[in-house]
S.K.: 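Here's a structure for you.
Residue numbers start from 1 in every chain, and the chains themselves are labelled A, B, ... in the order their sequence lines are given, proteins ahead of strands. Quick caveat, the model's predicted, so the values are computed rather than measured.
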Amino acid sequence: MTPLQRVRENPEKVREMLEARGFDAPLDRILELDRKVRDLRAKKERLQAERNKASRGGPPSDEVKRRMREVGDQIKAIDAELGALEIELNEKALWIPNEIDPRVPRGKDENDNKIIRKDEPKKLDLTPKPHWDVGESLGILDIPRAAKLSGSRFFALRGAGAALERALIAWLIDIKIPHGFVEVSPPFVTRKETLVASGHLPHFDENLYRDEDDDVWLIPTAETQLVSLHRDEVIPVERLPVRYVAYTPCFRREKMSAGRDVRGMKRVHQFDKVEMVVFCLPEDSPDQLAFLNERAIEAVERLGLPVRVAERCTGDLGFTALRGFDVDVWAPGVEEWLEVSSTSDCGSFQAERAHVSFRRAAGKALEAPHILNASGLGMSRLYAALVENYQQRDGSLVIPEPLRPYMGGRDKIAPGEFTL
RNA sequence: GGAGGGGUGGCAGAGCGGUCGAAUGCGGCGGUCUUGAAAACCGCUGAGGCUUUCGGGUCUCCCUGGGUUCGAAUCCCAGCCCCUCCGCCA
């Protein structure tokens with residue numbers, strides 16, 4: 001059921017959902033527009049039916065022609081009014097978020113999320129320094145020079161520090177493949193339709209970089225690309241669930257959070273991420289959600305980092321999710337849990353926007369599959385947590401076991417190796 | 001950037017401005033035949049909206065948006081996308 005149908009059917013329920021999510025949408029105007037549009041359409045269709053009847057067969061009499069000219073004018077007049085209303089209705093309807101799964105805990109913001117698991121911090125034999133100190137003294141992280149190139153909220157990696165990130169990306173993709181994910185390498189720029197389909201437009205608008213000349217946008221996440229990969233397609237039912245994993249950089253303007261988290265790698269304009277997206281049968285999505293969440297947790301565990309898992313409450317759910325979980329990593333230097341994955345069951349919401357469908361059997365009606373997404377994982381915060389957890393008394397950095405094969409067997413980065 | 005070609009139903013591929021939502025073939029579904037299957041033959045087979053006394057009725061959609069016309073898949077204009085060749089470049 002589309003958001004507009006939900007509003008029409010039960011506006012109060014949608015109003016409660018908006019309240020619970022902390023979002024706003026012009027419901028009254030939407031209802032008013034919907035009534036007007038339906039009314040005008042009925043009027044228009046009656047006239048069209050008359051015209052169709054008259055123009056069937058052959059050339060009509062001059063008398064009929066004259067009358068049909070009038071009918072045509074009336075249709076045109078209705079169109080003039082209807083067109084603008086339809087455009088406004090469609091635009092406004094895009095502001096209605098998804099439904100909420102009844103199991104989701106109620107709450108205002110992330111402080112009300114339901115903690116499911118919380119590890120103890122790793123025992124370290126030193127007073128942990130924040131990642132920018134560790135990284136910059138090793139010469140593997142360079143924030144000042146990145147600022148020179150691109151402004152604040154960017155970072156550059158050097159030497160084995162750059163290789164470390166590359167290793168993380170490759171390893172994170174590789175551990176997904178045995179679980180039935182197909183690797184995708186999508187374009188990093190995208191179009192408006194793609195962002196609307198995934199639900200990032202219109203409401204995420206001010207967080208997106210764009211090129212006005214060509215109307216192309218930098219992707220805020222691979223999710224947009226993976227969701228639209230099958231836009232306007234019917235997926236053969238026997239292929240479900242379809243699982244994709246993709247590495248891409250992610251670009252975010254972070255206008256909303258100006259002044260917050262400006263230090264270090266926690267909140268940056270460009271970061272790398274390995275993303276998972278699943279298309280599945282509607283009845284499978286709870287299992288798939290748990291499965292994706294496990295994939296995120298698995299990655300953090302195998303890197304030997306302390307994990308916190310929480311179910312997001314209604315107020316922290318976001319625009320598109322029915323239900324979702326966050327996976328955080330403890331970063332002892334900044335003394336914070338850093339979110340490295342967010343898992344969402346978007347139900348049929350994105351599939352409806354993107355016109356992705358499937359058919360249970362030949363002859364059966366088209367249905368919208370459920371689409372889920374999860375980071376697996378987001379690089380810069382993971383990198384920060386990793387640097388802070390693996391820093392040593394002598395100033396060196398130990399490379400976690402699983403990544404060593406990806407770094408030519410290197411097991412640590414020593415002071416002085418890459419400083420300049 | 002320059003020159004040309006093209007966008008029609010799941011696919012292929014027709015379509016004089018007037019019962020064209022669209023021929024035909026393939027595919028799919030159902031049936032006949034068969035111990036079973038194949039082949040052959042017969043029938044059915046796009047999506048969405050509104051409405052319904054659930055029989056149906058009606059509208060829209062032939063890339064998109066405008067225009068011409070009593071009437072547009074068919075004519076005109078603009079745009080988008082794809083393909084081929086040339087140039088430039090990684």
S.K.: From C-beta outward on K76(A), which listed nucleotide comes closest to its side chain: U68(B), C59(B), G49(B)?
M.R.: U68(B)
S.K.: To the nearest Å, give me how far apart CG (N90(A)) and C1' (U64(B)) are.
M.R.: 15 Å
S.K.: Checking base pairs now: Watson-Crick or wobble, both atom distances under 3.5 Å. What partners G9(B)?
M.R.: none
S.K.: Considering only the P atoms, how many Å lie between U68(B) and C76(B), rounded to the nearest integer?
M.R.: 15 Å
S.K.: If you assign each of N52(A) and R8(A) to its closest nucleotide in RNA chain B, which residue comes earlier from the 5' end?
M.R.: R8(A)
S.K.: Quick check on the 6.0 Å ring-centre criterion: do Y244(A) and H230(A) meet it?
M.R.: yes
S.K.: Is E81(A) paired with K36(A) through a side-chain N to carboxylate O contact shorter than 4.0 Å?
M.R.: no
S.K.: Relative to the 5' end of RNA chain B, which residue comes earlier, L366(A) or R38(A), by the nucleotide with the nearest heavy atom?
M.R.: L366(A)
S.K.: G79(B): syn or anti, with syn meaning chi within 90° of zero?
M.R.: anti
S.K.: Are N98(A) and T320(A) close enough that a side-chain donor and a side-chain acceptor fall under 3.5 Å?
M.R.: no
S.K.: Across all strands shown, which nucleotide pairs with C33(B) by Watson-Crick or G-U wobble geometry, both distances under 3.5 Å?
M.R.: none
S.K.: So that I can tick it off, tell me whether E9(A) and R6(A) are bridged by a salt bridge, with the cut-off set at under 4.0 angstrom between side-chain N and carboxylate O.
M.R.: no
S.K.: Tell me the interatomic distance from D79(A), atom CG, to U60(B), atom P, rounded to whole angstroms.
M.R.: 11 Å
S.K.: Is it true that, when you exclude L420(A) itself, more than 12 heavy atoms of the residues, nucleotides or ligands shown sit nearer than 6.0 Å to its CG?
M.R.: no
S.K.: Would you mind building the protein contact string for nucleotides 70-83 of chain B? One character per nucleotide, 5' to 3', B for base within reach (heavy atoms under 4.0 Å), S for sugar-phosphate only, - for untouched.
M.R.: BS---------S--
S.K.: Would you kindly give the CZ-to-C1' distance between R35(A) and C50(B), to the nearest whole Å?
M.R.: 17 Å
S.K.: When you compare G17(B) with G30(B), how far apart are their C1' atoms, in angstrom units rounded to a whole number?
M.R.: 39 Å
S.K.: Take atom CD of E238(A) and atom P of G28(B), then tell me their distance rounded to the nearest Å.
M.R.: 13 Å
S.K.: Say we look at C20(B) and U60(B): how far apart would their P atoms be, to the nearest angstrom?
M.R.: 16 Å
S.K.: To the nearest angstrom, how far is E45(A) atom CD from G48(B) atom C1'?
M.R.: 12 Å
S.K.: Answer yes or no: is there an ion pair linking D326(A) with R312(A), defined by an N-O contact shorter than 4.0 Å?
M.R.: yes
S.K.: What is the distance from CD of E86(A) to C1' of C59(B), rounded to the nearest Å?
M.R.: 12 Å
S.K.: Find the partner of C44(B): check Watson-Crick (N1-N3 plus N6-O4 or O6-N4) and G-U wobble (N1-O2, O6-N3) distances, both under 3.5 Å, and reply none if neither fits.
M.R.: G28(B)
S.K.: Taking atom CD of E19(A) as the centre, report whether more than 12 heavy atoms of other residues, nucleotides or ligands fall under 6.0 Å from it.
M.R.: no
S.K.: Pairing check on C85(B): which nucleotide meets the Watson-Crick or G-U wobble criteria with it, both distances under 3.5 Å?
M.R.: G2(B)
S.K.: Could you identify the nucleotide paired to G65(B), looking across every strand shown and requiring Watson-Crick or G-U wobble geometry with both distances under 3.5 Å?
M.R.: C77(B)
S.K.: Write down the distance separating the C1' atoms in U64(B) and G6(B), rounded off to the nearest Å.
M.R.: 16 Å
S.K.: Can you tell me, in whole Å, how much space there is between the P of G1(B) and that of G79(B)?
M.R.: 13 Å
S.K.: Can you tell me how far C1' of C29(B) sits from CZ of R360(A), to the nearest Å?
M.R.: 19 Å
S.K.: Given the P atoms of A22(B) and G9(B), what is the spacing between them in whole Å?
M.R.: 14 Å
S.K.: When the distance from CD1 of I87(A) to P of G65(B) is rounded to whole Å, what number comes out?
M.R.: 10 Å
S.K.: Does atom CZ (R210(A)) have a neighbourhood of more than 12 heavy atoms from anything else shown, all under 6.0 Å?
M.R.: yes
S.K.: Can you check whether Q48(A) has a side-chain N or O nearer than 4.0 Å to OP1 or OP2 of U60(B)?
M.R.: yes
S.K.: Looking across every strand, which nucleic acid part, if any, lies under 4.0 Å from A49(A) by heavy atom: base, sugar-phosphate, or nothing?
M.R.: sugar-phosphate
S.K.: For nucleotides G71(B) and C81(B), find the distance between their C1' atoms and express it as a whole number of Å.
M.R.: 30 Å
S.K.: Taking the six-membered ring of F291(A) as reference, does the cationic atom of R243(A) (NZ for Lys, CZ for Arg) lie under 6.0 Å from its centre and within 45° of its axis?
M.R.: yes
S.K.: Would you measure the distance from the C1' atom in A3(B) across to the matching atom in C88(B) and give it in whole Å?
M.R.: 16 Å
